[in-house]
Amino acid sequence: MAHPQFAAELLQRADQQGPITIGLAGAGQMGTDIVVQVALMPGMRIGAISEVRPQAAIDAALLAGHDLSDIVQAGNAAAIDRAIEAGKIAVTEDLHALAAAGRIDVIIDATGNPNIGTLFALEVMKNGKHIVMLNVEADITIGRFLKEEARKAGVVYTGAAGDEPACTLEIIGFAKSLGFNIIAAGKGKNNPLKIDALPADYEKEAAERNMNARMLVEFVDGSKTAIEMVAIANATGLVPDVPGMHGPTATLEELASVLCPREDGGVLHRKGVVDYSIGKGVAPGVFCIIETRHPRVLERMIDLKVGKGPYFTIFRPYHLTSLEVPLSAARAVVYKRADMEPLDHPVAEAVAVAKSELALGQSLGMIGENDYRGFAMTWEDARARGALPLGLAERAKVVKPVKAGDFLTYENCVPDDSMVITQIRRRLDQSDGRFVTNAA
């Protein structure tokens, strides 16, 4: 959470060194939000936007209140720097130019593609810049590698504020700093769960919500929830209690009595888990279930109407998605600190489960399409099953027929080895001593 003095610090820094200059990759829905929000924030500015459709970047800058005369097309890093020095916003189609531009302090990746995001993040870090990743799919697949590359480069690699994982980490950190025992943490699921959802059935709703149908289905079929809960797990050490998590219909009032150990009337086999609820009043918020047994603390918490105890729900009723993201960029520059980064070794995995029958020789589509959905489980469990990480499923080839509902594994699917994310993940798995069939 931003310190009350943070806005003043940003203004003071701007007076002394000029505003924090952000480079943005991608001007889709989230990228556009970021351009608009940064224009409203003290001591910060967008210096350049990289976008394969330059008009989308120009439209975002105009929407944020910039004049057309202040938006310039730039073909290389030097042109981007000249534009920033002149107080203008550079628009480029070249991600490499954005990564290399010297006048940019920090870059936000809003491209939304795990493989492109990985390549781009590595280049940004090699150029000595901090990177804020909205790309949770890349983070859950090879985040610890990216964190280590950032350490070597002396820069910050961070997840993005405003997304549920970072918002959940904020309240976990608050609870931990008070010495509370963390029982469970997670989010309210925003869309009804329908594990067999297909984009063709969601075109109308997606259009009404100004979204892409594939992206909407990634939320509906549970993939995004699995991805986000695994990101929290791998940043904290909390784990999915059971494969797929419990996902109870607990309301906000019921959360602390449901996501607690079975011996106390809840559903959990252990303490220290990630989970989600589809119950009323939880979405769009994030929560942390804590425990205290000290009579004095119990008395105070009950008196303050936090709950009945010994388990209590710490709750943040909102997450402002892309609108909060610039705060991560600012903190990376000012404090050299990540809002969210993975542990050195993962504890959970988002794997791929077939949504439909997959035929021999089939090449798989993207997350949120017709072929598979994301599913969360512990790292050990995924490893024992030879399960294919969700971030490697796109463009994987089916080498043995797969039934709907079955796991995609290294035995029935071969990930696309031309993708750098596949190559990095294989090296990570080999360094863990994991033998991966078909991937060598």
Side-chain angles (χ1 to χ4, degrees), residues 2 6-112 120 124 127 129-135 160-163 210-212 320-334:
F6 194 43
E9 283 179 58
L10 290 175
L11 284 171
Q12 187 182 0
R13 187 190 183 281
D15 282 345
Q16 292 164 355
Q17 302 172 51
I20 290 171
T21 303
I22 295 173
L24 174 68
Q29 185 187 28
M30 296 195 91
T32 298
D33 289 348
I34 290 165
V35 176
V36 170
Q37 192 64 34
V38 170
L40 303 171
M41 294 172 75
M44 297 176 75
R45 67 171 168 181
I46 297 286
I49 306 167
S50 172
E51 173 56 67
V52 289
R53 302 159 300 133
Q55 194 56 47
I58 294 165
D59 290 344
L62 292 173
L63 188 61
H66 299 284
D67 288 331
L68 192 55
S69 59
D70 287 332
I71 306 164
V72 298
Q73 300 262 4
N76 56 42
I80 291 173
D81 286 337
R82 281 197 301 276
I84 292 170
E85 283 160 17
K88 298 182 185 300
I89 292 180
V91 170
T92 183
E93 292 179 56
D94 188 348
L95 281 173
H96 306 288
L98 183 69
R103 293 286 175 189
I104 289 172
D105 300 309
V106 55
I107 288 181
I108 298 172
D109 169 33
T111 58
F120 181 55
V124 167
N127 277 282
K129 293 183 184 58
H130 310 300
I131 179 93
V132 179
M133 290 281 274
L134 269 77
N135 205 321
D163 223 356
N210 196 18
M211 278 177 95
N212 156 326
L320 304 186
T321 60
S322 29
L323 305 181
E324 288 182 65
V325 172
L327 289 173
S328 288
R331 284 191 282 258
V333 174
V334 176

Could you tell me whether the side chain of Ser322 and the main chain of Ile34 form a donor-acceptor pair under 3.5 Å? no

In the structure I gave you, are the side-chain heavy atoms of Asn135 and Phe120 within less than 4.5 Å of one another anywhere? no

All heavy atoms of Ala83 vs all of Ala90, minimum pair found to be CB-CB, 3.9 Å

Interatomic distance, NE2@His130 vs CG@Asp105, rounded to 0.5 Å, equals 7.5 Å

Got Leu68 and Leu62 here, is their nearest side-chain heavy-atom distance under 4.5 Å? yes

Which atom of Val38 lies closest to which atom of Pro326, heavy atoms considered: CG2-CG, 3.6 Å

Heavy-atom donor-acceptor pair, Asn76 side chain to Ala78 backbone, under 3.5 Å: yes

Within the side chain of Asp33, is there an N or O that forms a donor-acceptor pair under 3.5 Å with the backbone of Leu323? no

Min side-chain heavy-atom separation Ile49-Ile71 under 4.5 Å: no

As an exercise, state the distance from CD1 of Ile22 to CD1 of Ile84, rounded to the nearest 0.5 Å. 11.0 Å

Please name all residues satisfying side-chain hydrogen bond (donor to acceptor under 3.5 Å, both in side chains) with Gln37, sequence neighbours left out, ordered by chain then number. none

The reported gap from OG1 in Thr21 to NZ in Lys129 (rounded to nearest 0.5 angstrom) is 11.0 Å

Is there a side-chain contact between Leu134 and Ile108 in this structure, where contact means two heavy atoms from C-beta onward sitting under 4.5 Å apart? yes

side-chain contact (heavy atoms from CB on, under 4.5 Å) for Leu10 and Val334? Distances and angles first, verdict last. CA-CA 8 Å; Leu10 290 175; Val334 176; 4.0 Å; yes

Where is the tightest heavy-atom contact between Gly75 and Asp94, given as atom of each residue plus distance? O-OD2, 4.1 Å

Distance, nearest 0.5 Å, that separates CD of Glu51 from CG of Leu95: 9.5 Å

Can you tell me how far apart CD (Gln73) and CD1 (Ile89) are? Round to the nearest 0.5 Å. 12.5 Å

Check: Lys88 side chain, Arg82 main-chain N or O, donor-acceptor pair, under 3.5 Å: no

Sub-3.5 Å donor-acceptor pair from the side chain of Thr32 to the main-chain atoms of Ala27, do we have one? yes

Can you measure from CG (Asn212) to CD (Gln29) and round to the nearest 0.5 angstrom? 9.5 Å

Would you say Asp109's side chain and Thr111's backbone share a donor-acceptor pair under 3.5 angstrom? yes

